[in-house]
Amino acid sequence: MASLFVIKGADQGMRFELDQGAMTLGRDTTATIQLHDSEVSRRHAEVRRHNDRFILSDAGSSNGTFINSRRILSQELATGDQVQIGATTLLFTAPAEERDDLATKIDIVGPLLAEHESQIVRTMSQEEGSSILAPPLLGTDESPWIARARSNLQVMYRTALAVSHTLDIDQLLARILDLIFEWVEASRGCIMLVDPHTKELTPRAHRTRKGDTSREKISISRTILDYVRQRNEGVLTSNAREDERWDSARSILHTGVREAICVPMQGRYDVVGAIYIDTTIPADRMLAATRTKTFREEHLKLMIAIAHQAALAVEDTSYYSAMVQAERLAAVGQMIATLSHHIKNILQGISGGSYLIEEGLKENERDVIAKGWDIVQKNQQKISHLVMDMLTFSKEREPDLVPSDINAIAADVVELMQVRAADLGVELAFKPAEAIATLRFDPDGLHRAILNVVTNAIDACDCVENGCVVVSTELDPSGETVRVVVADNGRGIPAEDIDKMFGLFVSRKGGRGTGLGLPVSKKILREHGGDIRVESEVGRGSRFILEWPALAVDASITAPREDDQADAPVA
Amino acid sequence: MLAYGGAGNVQSQQDTNTQRVLVVDPLDETREVLETVLSRRGVRIASAARREDGIRLAREFHPDVVVLDSELAPALQGQGEACAESVAEASERSFESTSPANPPALILLGSVRRGACAGGARYVQKPYLYGRLVHTIEELLAERRAA
C-alpha cells in the first residue's frame with residue numbers, strides 16, 4: 001500500500017495509507033489526511049490515484065505545495081519524494097514493483113546442468129579489482145592529464161566508500177575532512193551544516209594539519225558563505241588578489257597569503273551545508289618560492305564533487321535518524337494506546353462494581369453488594385497484574401535466584417486460576433513430577449511466567465467443549481533441565497502466528513489480552529537462561545513448554561547463571 | 001450461577017409481555033452489572049460476549065433493546081478508527097435483520113470520537129457511568145412501551 005509518512009512536523013510519526021481514489025490533505029477535520037499544522041491551509045492539497053500512480057496537486061493553498069523543495073501545481077509522486085506543505089514534511093513510499101515473476105526469469109541450476117555449459121576462464125580477487133584505481137607503475141608513460149584524472153577518480157572512489165557506511169553525522173564529517181587533508185595541502189578545514197531549526201550554517205567538524213602551529217581561529221567571511229549557499233557555487237579565494245567582492249586584504253607581506261576554498265554541500269533536495277578549507281603561505285616562504293598558489297581550479301572541482309557526495313550521505317543520515325525517531329514515536333504511541341485501552345476497561349469494570357455496590361446499599365440487598373464487591377476485587381487484581389507485567393518488562397532485572405520448589409509454585413498458580421477456569425467451564429488439572437529437589441530460581445518471576453501461560457491456555461479453551469488445561473512439571477532425566485508444560489485442548493495457534501505472538505502488544509485475545517503476558521514470560525525464562533517453546537495444532541490444542549537449566553542449591557553462587565553444566569541435584 | 005462468555009445466556013423466564021434487553025459486550029463486568037440490575041427491575045435479559053452469538057441470540061430472543069460494544073461492530077474490524085455513523089448503520093442493519101417486523105432499538109458503547117449517530121441508534125461514549133447507561137436503556141424501553 002502506498003503511504004505518506006510524516007517525518008517532520010506536529011504529526012511526526014503518523015503514517016497515512018493512500019487507499020482511496022482521491023484524498024485531501026489539510027488542516028480541516030474533514031480532510032482525509034488531517035495535519036495539525038497551523039501553516040497548512042484548511043484544504044491544502046490532494047492526492048489522486050490512477051491505478052498505481054499517485055498525482056499530488058495543490059488545492060489553492062496559501063503557501064504552496066512542494067515536492068523535494070520545488071513548488072508544484074500538480075506532479076506525479078515517486079517513491080522517496082518528500083512532500084512539504086506548511087511546516088510538515090511527508091515522505092511518499094509506494095510498494096516495490098511486483099517481483100514474483102523473477103523466479104520465472106532466473107533459475108539457479110544444480111551442478112549437473114551447469115557443469116557443461118560454462119567454465120571459469122579467469123578469476124579475480126576483490127583487492128585486484130579495486131586496483132583499477134591504483135596509481136600507475138613507476139616508469140609507465142602517462143600523460144599528466146590521465147594521471148590527474150586517475151587520482152581524482154581515486155579520491156571520489158574513496159569518498160564514496162567512506163560515506164557509504166556511516167550513520168553518525170559527526171563521524172561522517174570527520175572522515176570527509178580526513179580524506180580532504182590526505183589529498184590537498186590544506187592547513188585548516190571545517191564543515192558547517194545548516195541547522196534544522198535556525199536554518200543558519202553552524203560549524204560541525206574541524207581539523208588542522210599536524211604541525212600547523214597557528215592557533216588562530218578560523219574566521220570565515222559571511223559574505224563568502226552566503227555567496228556559496230545562495231548561488232550554490234564553490235569559490236576559491238585568495239587575499240593575494242584584491243577582489244572587491246570579498247573582504248579587502250590586509251597587508252599580505254605581513255600575514256602571508258591565505259588561500260581558501262569554500263564549496264556548498266548540495267544534496268538531493270537542498271544545500272545542507274558547506275565545506276571550507278584554507279592554507280597560509282608564510283610571507284618569508286612566499287618571497288622565496290616560485291609557486292605561490294596552493295589551490296587551483298582542479299581542487300575546487302574535486303571539492304565540489306566531494307561535498308556533493310558528503311551532502312548525500314548527510315541527507316541519508318538525517319533521514320535515517322528522523323525515521324528512527326518517528327518509528328520510536330509510533331511505538332510509544334501504540335504502547336500508550338494499548339495501555340489506555342486496558343486501563344479504560346479495568347476502570348469500566350471498577351465503575352460497574354461500584355455501581356452495583358451503590359444500588360445494593362440503596363436497596364439494602366446483600367447479594368448485589370457482594371456481586372459488586374467481587375467485580376471490584378477482580379479488577380484490582382487485573383490492574384495489579386498489568387502493573388507487574390509492565391514493571392517486569394520495562395527494567396533490566398537480575399532474577400532473584402533463591403532455593404525454591406517448582407511444584408509448589410506451579411500448584412499455587414493452578415489453585416489461583418481455578419475460579420477463572422470454572423467461570424469459563426474449563427477443567428484445570430495439575431500433574432506434578434514426583435520429588436523434584438529444591439532448585440535455585442526466581443520464584444516470583446516463574447510464578448508470573450507460568451500464570452501468564454496458564455491464563456492464555458484457559459482463554460484458548462473458552463467455547464471449546466470439554467475444555468481442559470493440564471499443567472505438569474518435570475526434571476529432564478539428565479537432571480539438567482527443568483520443565484513446566486502447560487497443555488490445552490483449545491483452539492490452537494496457526495504456525496505463522498507462533499513467532500508473532502511473542503511480540504510486545506500482540507494479542508490474539510481481542511480486548512481481553514494486554515499483549516504483555518507472553519513477552520514478559522519469555523523475558524523471565526530468558527533471564528534464567530531458558531526459553532518458552534510452543535507446539536500447536538489448530539483445532540487440537542497447544543503445548544507451551546517453559547524450560548530452563550536446573551541450578552542446584554549447593555552450586556556456587558558465583559557460577560554463571562546461564563551455565564547449562566551446573567551440577568544437577570540427584571532426584 | 002450464570003455461564004458467562006459462552007454461546008450466550010438467557011435469564012428470567014417470565015411471561016412473554018416482559019420487555020427484553022440483549023447485551024453484547026466482551027467485558028464480563030458490563031454483562032454482569034446489566035444482568036443484575038435490569039433483571040431486578042423486571043426486564044428479561046440475555047447476553048453474549050461475541051457479536052455472532054449476539055446476532056444469533058437476537059433471532060430467538062427478539063429483544064426490545066440491544067446494547068452493543070462498538071468494538072464488536074463489523075465496520076471497526078481491521079480499522080483503527082471509523083466514523084460512528086458507519087458503525088451504527090452496520091450494526092443496526094445486522095440487528096434489524098434479526099427481526100424485520102419489529103427491529104430492536106440499538107445502544108452503541110464506544111470510544112469513536114467523531115460523528116453523531118445516524119438512524120435511531122443511541123451512542124454512549126466510553127468510559128460511561130452505569131447509572132446513565134441503565135437510564136438510557138429504561139428510556140428506550142419506555143418509548144417502545146408507548147409505541
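To find a chain, count down the sequence lines: A is the first, B the second, and so on, and within it residues start at 1. Computed from a predicted model, the values in this text were never measured in an experiment.
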Among A/Val368, A/Asp367, A/Ile350, the residue with the most heavy-atom pairs under 4.5 Å to chain B is A/Val368
Using non-hydrogen atoms only, which part of A/Glu358 is less than 4.5 Å away from chain B: side chain, backbone, both, or neither? neither
Exam field: side chain A/Asp488 to backbone A/Ser542, donor-acceptor pair closer than 3.5 Å: yes
Any side-chain donor near an acceptor of the partner, A/Gln381 and A/His385, under 3.5 Å: no
Would you indicate whether the side-chain heavy atoms of A/Asp459 and A/Arg420 approach each other to under 4.5 Å? yes
Could you look at A/Glu359 and say if it's the side chain, the backbone, both or neither that has a heavy atom under 4.5 Å from chain B? side chain
Taking side chain as everything from C-beta outward and backbone as N, CA, C, O, which of these in A/Asn379 sits under 4.5 Å from a heavy atom of chain B? Side chain, backbone, both or neither. side chain
Flag the pair B/Leu34 / B/Ile137 as yes when at least one side-chain heavy-atom distance between them is below 4.5 Å, and no otherwise. yes
